[in-house]
Each structure stands twice: as structure tokens, then as C-alpha cells.
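These values consider heavy atoms only, across backbone and side chains, with no hydrogens, waters or symmetry-generated copies. Each residue takes its place number in the sequence, starting with 1. Not measured: the values here are computed from a predicted model.
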Amino acid sequence: VPIHVHTHDTAGIGAASMLAAAEAGADVVDVAIDAMSGTSSQPSMGAIVGAVRNSPLDTGLDPEKINQINEYWEMCREVYGPFESGQKSGSADVYSHEMPGGQYTNLLFQSTQLGLAGQWPAIKKAYAAANRLLGDIVKVTPSSKVVGDLAQFMVQNNLSEEDVIEQAETLSFPTSVVEYFQGYLGIPHGGFPEPLCSKILKGKTLPNGKQQFTGRPGAEMDPYDFDAAKAELQAQWPQFEISDFDVISHALYPKVFNGYLEFKEKHGDISIVPTRQFLVGMEIDEEITIEISHGKTLYICLRGVSDVDDNGNRTLNFELNGGPRIITIPDEEFSGEKVVREVADTSISGHVAAPMPGVVIEVKCKVGDHVEVGEALVVLSAMKMETVVSAPVTGVVKRVIATPNANLQAGDLLIEVDDS
């Protein structure tokens, strides 16, 4: 059986590991072109090829040709500079937190967007703690996301391992964590850790009425009707030609797929926009060309950008194929009048607070509803992480402050429950 070894260079020892693997008999080791190598990527291709030249492990690859390819990718990487994670060097603490290299930079970026930029060391420590709480699991997509979501949740809410276990029945865990314990990813070797599992699942049920899957979750699914799904999608999106690939995408990620088509419906095919301008925008008097179809090219020049108006909009002046074109767009960084939201009072047991920053996806209750402890009240979303906020007490909904699409900060009041 061929042995294929894959690793990331987070600790800075990846090249040595791959050389040792090759010497031990590995048939294939994974590398990355030099310009894209190191840190959370794979070890350097050029370094490993150079290290084994004129040895029994000589790859036969031409270093000069590797350098030519590397020069191209060096220039490409500059274009994507705005999306660099900020990671400057390797970090040997990966041996403590065990974060997969493929997740390291994603989680670093995600934590920054969630307002936890200055707490990256705490998140790495919390990652190790979250892994222990979940049962020291194999961490690969999507299980690694569960660990990362729980780690950020712990840091955002200043929770220790002991706090999580003690308060599990009243905490509003990220959806991925709840679904992990419900068995959506399968049953881990040795089962789920107790008493945490029972506490998190208290009052929660699956669509089939059970509290937890007892085996492979897919085994309980009804057969998927691809033809019916394709017809339904085509009826929903008549302006697009739905392919079999689209059907599979929707079956796996329905929200993401529908969001993609909504974006495409609003903005068109942005794949034809030059990468640099798509990522960082145009400069004043810069002209670009976009071929929208065979033989039809647009010449676009940005002539001016107005100051932001009282409504938070800016006017952009373009020349399109020599003619004037004016459009108005909202300035996303407009800092005019802002909505001031009520903050939950932690001394009031019926105040339901947002556990972390996010957007309200769904409100599941209304004034007057009787709710039980653990019952879902609000669904929040932030940076691919969904959180179902549950009732901390049994009572009657007195006020509903949260509204769909509202942007919230951690601690903002969502629901008030009268438990008297």
C-alpha cells in the first residue's frame, strides 16, 4: 500500500519531518511551492528537492523550473496581500493546543472579526481546553470547527473548563457544539464525555424526536431525490441554469448555495472582474478592461469618489466606454448616527443576552409565549458560526428586543423572560 504523508509547517519543523518520512519509506510527501510554504502551509518544495539531490531520494525535479514557477506565485501572493493572516513565523505551541494547520489561520482571522484580536494566545489555550471537554477528538474538518467554535465561545464569555461543565445546562452553546453531542458527526471512539453531554442535550431533541443519534446519522436519512431537488431549484431560480453540481452543492450546504445565487443575482458574474480590483478596488483615474462576452469588452475608468453624505452613501463617477456613468453606494465604514442597544442585566435571571457578536438569523418566540429552560429563543450567526440562544429560566416571554438581521454585540439584550 503506498504511503502518502501530509503535514503542515506550523511548528517550523515540517521539512525535517518530511525528509525523515521519506527516509523511513514514505512514497509521497506533501510540499508547497516556496512562496506559499511555511507556517500553517506545507514545508518548502524547493528546500526538500534541494536537500535530496544526488541522493537515493533524488526527486529528479529541476530546481530552475521550480524557481520559475515560484516567481509567478510570489507575484500572485502580493495580489492577495489584504487577506494575509498576519502570521509571521512558526509557533511550537501547536504541540500543546494541537490545532490543525489548515484551521490555524482561519481561526486567527475569524477571532479578529469577532472582536477577539488581542486574545489569540487565550484562544489557543482555550482550544486545548475545548478539545479536552469534547473528549480529545480527532480534529479534522468539520470536527476541528467544533473545537474552534467552543474555544472562541469560552474566551468571549470568560469561561474555564470547570465553568463550562458546571453551567452547561444554561449556556447557549454554538450550534456546531450542540450538534456534535447530538451525534451529527457520528459517535467518537469511547462515546461522548459525561456529564457534559447530558447537560448540553437537556431539553433538546432531533427532528426524529430522539435526543441523540445512536449510529451513523446518514443511515437515518430518507433517500435523496436528485431529480425532484433539481426541478425545485430550477423553479426557485429560473434565471439560472441549474446543473447537477448545483444540486449537490445545495444538498450539502443549502444556506451557502442560496446565498451564492442571491449574490450572483444581485451582482452578476464577478469572476470576470480582475482579481486585484476585486480585492482592493480601483484607484482614481485607473482604467481596467472587462470582457463580458466573446468580442464584447468594457473599458472602465474611475474618475472620482464623493464625500460620504448624511445617509452614509458615496457617489462614484465612472467612464464606461468613454461615456459617463454615476452610481451611488453605501459606505460600509460610515460612522454617523448609530443604534444604541439595551444591554442585558446579568443580575436579572430572565434577561437573555447575546453570548457573542453576530447577526440575528431567526427569532423563535413572541411576547406571551411560555418557554422552558433550554428552549431555543434566538438564532445568531457570526463568521460561519451559528449559535442558538436558549432560555436560561422557565417563564413567560415579556419582551422581544431581537429582530431579524440586527447586528448585535456580546451582552446585548435579546429577550426578557418573566420567571416570577
Side-chain angles (χ1 to χ4, degrees), residues 1-112 120-121 123-128 130-131 136-145 147-148 151 189 275-276 279-280:
V1 177
I3 298 175
H4 185 153
V5 183
H6 174 88
T7 189
H8 294 260
D9 200 14
T10 309
I13 202 171
S17 297
M18 293 302 92
L19 289 171
E23 290 173 352
D27 299 283
V28 182
V29 298
D30 282 350
V31 295
I33 198 71
D34 299 8
M36 299 289 190
S37 69
T39 60
S40 60
S41 180
Q42 280 68 53
S44 164
M45 179 181 187
I48 292 178
V49 168
V52 298
R53 285 191 73 192
N54 303 317
S55 78
L57 296 174
D58 196 323
T59 64
L61 296 175
D62 185 345
E64 287 302 318
K65 291 183 178 179
I66 293 176
N67 289 336
Q68 291 174 13
I69 298 172
N70 186 58
E71 288 171 1
Y72 168 80
W73 285 108
E74 279 183 335
M75 292 186 291
C76 281
R77 184 163 183 172
E78 290 181 9
V79 174
Y80 290 87
F83 293 93
E84 291 278 1
S85 67
Q87 189 182 8
K88 304 296 185 184
S89 64
S91 180
D93 61 0
V94 66
Y95 294 116
S96 299
H97 56 69
E98 300 181 359
M99 193 181 299
Q103 183 184 26
Y104 194 95
T105 49
N106 288 338
L107 193 61
L108 176 59
F109 174 76
Q110 187 182 41
S111 63
T112 300
W120 180 238
I123 289 175
K124 290 191 287 186
K125 291 179 181 178
Y127 191 96
N131 178 50
D136 192 12
I137 60 176
V138 175
K139 291 169 285 298
V140 64
T141 307
S143 62
S144 57
K145 181 183 184 301
V147 185
H189 180 70
T275 300
R276 183 181 293 276
L279 295 177
V280 300

How about Y104 and W120: are their ring centroids closer than 6.0 Å?
-> yes

Taking all atoms of both residues into account, what is the closest heavy-atom pair of [X] and [Y], and its distance?
| X | Y | value |
| --- | --- | --- |
| A15 | P43 | N-CB, 3.4 Å |
| S91 | D93 | OG-OD1, 2.5 Å |
| V138 | S143 | O-OG, 2.6 Å |
| S96 | A128 | O-CB, 3.9 Å |
| A21 | V29 | CB-CG1, 4.3 Å |
| H97 | Y127 | O-CD2, 3.2 Å |

Any chance you could measure [X], atom [atom1], to [Y], atom [atom2], to the nearest 0.5 Å?
| X | Y | atom1 | atom2 | result |
| --- | --- | --- | --- | --- |
| S44 | I33 | OG | CD1 | 8.0 Å |
| Q103 | E98 | CD | CD | 12.0 Å |
| H189 | I137 | NE2 | CD1 | 14.0 Å |
| N106 | M99 | CG | CE | 11.0 Å |
| L57 | I48 | CG | CD1 | 11.0 Å |
| M45 | N67 | CE | CG | 10.5 Å |

Would you check, one step at a time, whether the test side-chain contact (heavy atoms from CB on, under 4.5 Å) holds for T275 with Y80?
-> CA-CA 9 Å; T275 300; Y80 290 87; 3.3 Å; yes

Donor-acceptor contact present, side-chain [X] to main-chain [Y], <3.5 Å:
| X | Y | answer |
| --- | --- | --- |
| S41 | G38 | no |
| R77 | A35 | yes |
| Q87 | T105 | no |
| S40 | G102 | no |

Any pair with a residue in residues 3-27 that passes side chain to side chain donor-acceptor pair (under 3.5 Å), sequence neighbours left out, goes on the list, sorted by first then second residue, please.
->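 Qualifying pairs: H4-D30, H6-H8, H6-D30, H8-Q42.
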
Partners meeting side-chain hydrogen bond (donor to acceptor under 3.5 Å, both in side chains) with R276 (sequence neighbours left out) =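 side-chain hydrogen bond (donor to acceptor under 3.5 Å, both in side chains) check on R276 returns nothing, list empty.
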
Given the rule in the side-chain contact (heavy atoms from CB on, under 4.5 Å) test, do Y95 and I13 qualify, once you have shown the distances and angles that lead to the verdict?
-> CA-CA 12 Å; Y95 294 116; I13 202 171; 3.4 Å; yes

Note, L61 side chain near I66 side chain (heavy atom, < 4.5 Å) = yes

Under 3.5 Å, is there a donor-acceptor pair linking the side chains of N131 and D136?
->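 Judged by distance alone, the side chains do pair up.
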
Hey, mind stepping through M75 and V79 against side-chain contact (heavy atoms from CB on, under 4.5 Å) and telling me if it holds?
-> CA-CA 7 Å; M75 292 186 291; V79 174; over 6 Å; no

